[in-house]
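Notes follow once the structure below has been shown.
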Amino acid sequence: MKISANHPLAIGCIIIFFIALFVIFGPLFTSYSQHSQNLAISLSSPSIQHPLGTDYYGRDVLTRLIYGGRISLGIAVFSAIIAVLIGTVLGLFTGYYGGFPDLIIMRFVDVMLAFPRLFIVLLIIGLGGSSIPALIWVIALFSWMEIARIVRSEVMSLKNRTYVKSARAQGFSVNRILFRHILPNTINPVIVATVLSISTIILVESGLSFLGLGVQPPNASWGSILNDAKIDPLGTWWLSVPAGFLILFSVIGFNLIADGITEELDPRKN
Amino acid sequence: MPILSIENLSVRTRKFKPASLLEDISFVLNPGETLAVIGESGAGKSTICRAILGILPKSLEIRGCMNYNHSEIEISIGNWDDDRQFTPLRGSEIALIFQDAAGSMNPLRKCGNQIRDIMKTADNHTSITKQSILDFLSQTGFREPDTIYRSYPHQLSGGMAQHVALALALAGQPKILIADEPTSSLDAISKQKYLDRLAIMKKKYDLSLIFITHNLNDALSLSDSILVLYRGRAVEFRKTADLKTSPKHPYTGDLLNLLRSVNQSRMPDEMAENFPVGGNHDSGCPYCQKCSRATALCGKTFPPKTIIEQPYYFCCNYPLEKK
Amino acid sequence: MEQKDKNRPILSVSNLTIDYAFYRVGPFSAQHHAAVENVSFKVYPGDCFAIVGESGCGKTSILNAILGFVRPKNGAIFYNEQNLLTMARREFRLYRPEIQPVFQDFHNALNPRFRIIEILKESLRICSRKDISIEELIAVVGLGTDILNYFPHQLSGGQKQRIVIARALIPKPQLLLLDEPVSSLDITVAVQIIKLLKNLRKKENLTFLLVSHNLPIIRLLANRIAIMKNGHIFEEKPTEDLFETPEHPYTRALVNQALISCQSYQ
């Protein structure tokens with residue numbers, strides 16, 4: 001694999017690498033706590049002490065961006081992993097067995113896809129209350145459908161491949177055929193779909209938090225920091241612009257990685 | 001004066017593991033004649049026909065020169081990357097028929113409309129009436145031109161799709177027809193029908209034909225000259241009649257021996273079995289590992305062309321003698 | 001192992017009808033298309049029985065039905081006098097190893113993610129064959145050990161087909177179902193594979209059920225030929241009889257065509 005020739009993958013990895021460095025090792029370079037309030041310096045613009053200024057309660061914005069990033073990215077990654085697991089397992093079994101269960105599950109997928117995701121998640125969080133685990137699960141439960149579809153269609157074509165037929169003729173067990181001969185060959189589109197869904201989930205979570213229904217104070221996420229800036233987005237640009245750019249760049253980064261992986265896995269390249 | 005001549009055509013991959021797909025291929029096609037290109041799958045047969053029309057991927061490096069010469073049109077191509085040079089050739093001078101006929105047509109358009117598109121391009125965008133398309137279809141041998149006109153490619157049987165693909169190619173009024181394994185997915189009877197029609201059309205439209213196949217029987221019975229490829233090398237280019245009686249290259253000889261015994265329905269004699277995996281065949285004769293006559297010399301450099309009678313040649317250090 | 005009786009068919013297919021249903025809207029308005037209609041034939045131990053017909057005539061559907069991949073609409077398939085279609089799943093599993101397929105599409109017959117050695121080892125383990133080593137196995141199909149560490153896409157067509165045949169031999173089959181085993185190979189390689197199959201049939205006491213559209217090549221291998229078109233078998237005869245006295249007009253056309261094309265080079 002020659003990554004240097006694959007610009008989208010290289011650029012995407014560099015962006016995500018720096019964002020990851022920022023949220024993982026960021027706390028080593030700030031002396032503030034994300035929650036410590038100091039109303040005396042409320043909404044002060046960037047200075048030497050506070051490189052990205054302070055928010056309404058006088059909390060250091062840089063520190064909050066670091067911790068908020070952990071929450072934003074954490075929610076995205078965990079939701080995506082759960083969604084991929086659900087989607088892969090359902091796709092694998094419906095694709096392989098077909099028939100009535102397939103019909104039921106795929107119509108259920110259609111119903112799920114018919115809901116506008118952001119609003120249904122809003123509704124559930126609004127009714128049930130918001131916590132980070134709840135956010136992860138609710139977002140995941142409304143994100144697995146596309147992956148199930150991708151895996152199912154891959155499995156449907158793979159199960160008619162000659163090597164799967166040969167394995168059946170030799171008396172291999174269904175589990176062995178599914179997990180050793182079919183699943184590894186569906187993994188390429190699944191990786192791409194996972195990376196793409198991370199970036200869409202970042203947007204969903206930011207949207208929720210911006211509307212005030214996502215991560216609850218005093219915890220921060222990039223979306224809730226944007227929410228803090230909504231009274232005067234231009235006047236308090238140090239609140240809106242850095243958070244906005246972090247969301248923008250992590251979405252671009254993950255999308256570029258997905259693009260790059262698609263290109264890298266293109267069989268014609270090898 | 002040949003209608004098409006190819007000199008020293010080489011096709012190599014540019015990036016990632018430079019590999020040679022075709023190496024130093026030369027042949028000529030005389031007007032009204034049929035040239036058969038034979039060889040194993042992967043020998044480079046299809047690469048040649050795609051190179052002639054300039055439809056190989058741009059990632060390939062193509063060297064050599066090609067001369068097309070028909071009455072007033074004379075085109076000679078040295079720089080294969082320039083797409084514009086091929087535009088006057090494609091469709092109206094040289095047409096290509098693919099193995100997967102139905103797949104080479106637009107699945108969303110009726111056959112009649114697809115023929116109209118090609119006829120329009122050939123006649124400089126004059127309007128074509130339905131009647132003229134039906135006439136053309138019956139001229140190309142269809143008994144029910146109306147049904148063909150109205151059907152979509154997927155509604156045609158495999159044999160019929162090949163016939164329609166032939167009509168599509170002829171609609172552009174080409175002078176050269178390149179048929180890339182047109183019969184390999186057909187059964188014996190529809191294959192014979194197709195070959196018969198191809199022969200009639202060739203006469204009717206005064207075509208020169210390049211026939212690519214891995215079926216030696218077809219190649220021998222149809223062609224005037226034969227180009228034998230082996231792993232991207234032209235090992236022998238001969239008149240068919242000469243090739244039948246005195247093959248020079250050991251690969252051609254082995255092929256013909258095998259063919260004879262299969263045709264006489266007896267098991268061929270034991271051949272030296274050798275299974276080299278991958279390996280670099282760039283420098284030496286690619287057949288040297290299977291050849292009963294090979295020496296160390298054959299493994300080092302590819303033998304130069306021995307010209308029998310311009311333009312026919314073979315490439316072997318130790319050619320077979322006439323029996 | 002059962003005593004092989006020359007007069008008792010190892011495989012007997014009677015009145016087999018297979019049809020495929022195309023579902024347009026959910027489970028409603030099904031369209032049926034009969035791929036095989038009322039086909040009967042018997043294969044005796046040690047035979048090489050060939051079904052010849054154009055593509056799409058239903059010959060592959062018969063093989064799929066024998067392997068249990070397709071559920072026929074009607075008819076019976078007897079293997080050693082046991083009806084494969086009515087027996088329970090568990091019982092059918094016992095017969096699986098005895099009937100092994102070799103498909104036409106050898107490019108897809110080997111899982112692209114595994115090396116040849118892993119592919120063969122897995123089959124050896126699952127079929128619990130301890131009496132044969134991988135080296136012996138690939139020597140049977142005329143390959144060297146250097147091939148074991150390659151991935152399938154690094155092999156030539158002929159080599160892949162040899163590996164597929166080797167793998168089919170692992171469960172010690174009685175009956176080998178060959179679906180166009182050589183039709184996408186070049187004549188030099190095809191002839192070698194035909195030779196290999198012929199030798200194996202003698203050495204391993206195998207019975208072949210062969211499906212193809214290429215009469216001249218089949219003639220080298222088969223001792224009985226059935227001619228099939230549009231889902232029906234028209235004529236079934238010993239090979240040489242078929243070539244000398246073809247009865248059905250379609251058979252005659254096929255045989256004549258084969259003989260004419262063979263005259264191009266004698």
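In what follows, chains are A, B, ... by sequence order, proteins preceding strands, each numbered from 1. None of these values were measured; they are calculated from a predicted model. The figures here come from the full heavy-atom set of this structure, side chains too, leaving out hydrogens, waters and symmetry mates.
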**Message:** If I compare all heavy atoms of Val36(C) with all of Leu16(C), which pair ends up nearest, and what's the gap?
**Reply:** CG1-O, 3.6 Å
**Prompt:** Taking 4.0 angstrom as the limit, do Lys165(A) and Asp179(C) come out as a salt bridge?
**Reply:** no
**Request:** Any ring pair (Phe, Tyr, Trp, His ring centres under 6.0 Å) involving residues 155-194 of chain A? Give me the pairs, sequence neighbours left out, ordered by first then second residue.
**Result:** Phe172(A)-His181(A), His181(A)-Phe114(C)
**Request:** Using non-hydrogen atoms and a 4.5 Å limit, figure out which bit of Leu110(C) sits close to chain A: side chain, backbone, both or neither.
**Result:** backbone
**Request:** Pick whichever of Ala168(C), Pro97(C), Pro173(C), Ser123(C) has the most heavy-atom pairs under 4.5 Å with chain A.
**Result:** Ser123(C)
**Message:** As an exercise: rank Pro152(C), Cys127(C), Pro112(C) by heavy-atom pairs under 4.5 Å with chain A and give me the winner.
**Reply:** Pro112(C)
**Prompt:** Salt-bridged, Arg152(A) to Asp102(A), with N to O below 4.0 Å?
**Reply:** yes
**Prompt:** For chain A, which of Ile99(C), Ile126(C), Asn111(C) has the most heavy-atom pairs under 4.5 Å?
**Reply:** Asn111(C)
**Message:** For Arg176(A), which atoms come within 4.5 Å of any heavy atom of chain C: side chain, backbone, both, or neither?
**Reply:** side chain
**Prompt:** Can you say whether Leu158(A) sits under 4.5 Å from chain C via the side chain, the backbone, both, or neither, judging by heavy atoms?
**Reply:** neither
**Request:** Would you mind reporting whether Ile177(A) and Lys159(A) have side-chain heavy atoms less than 4.5 Å apart?
**Result:** no
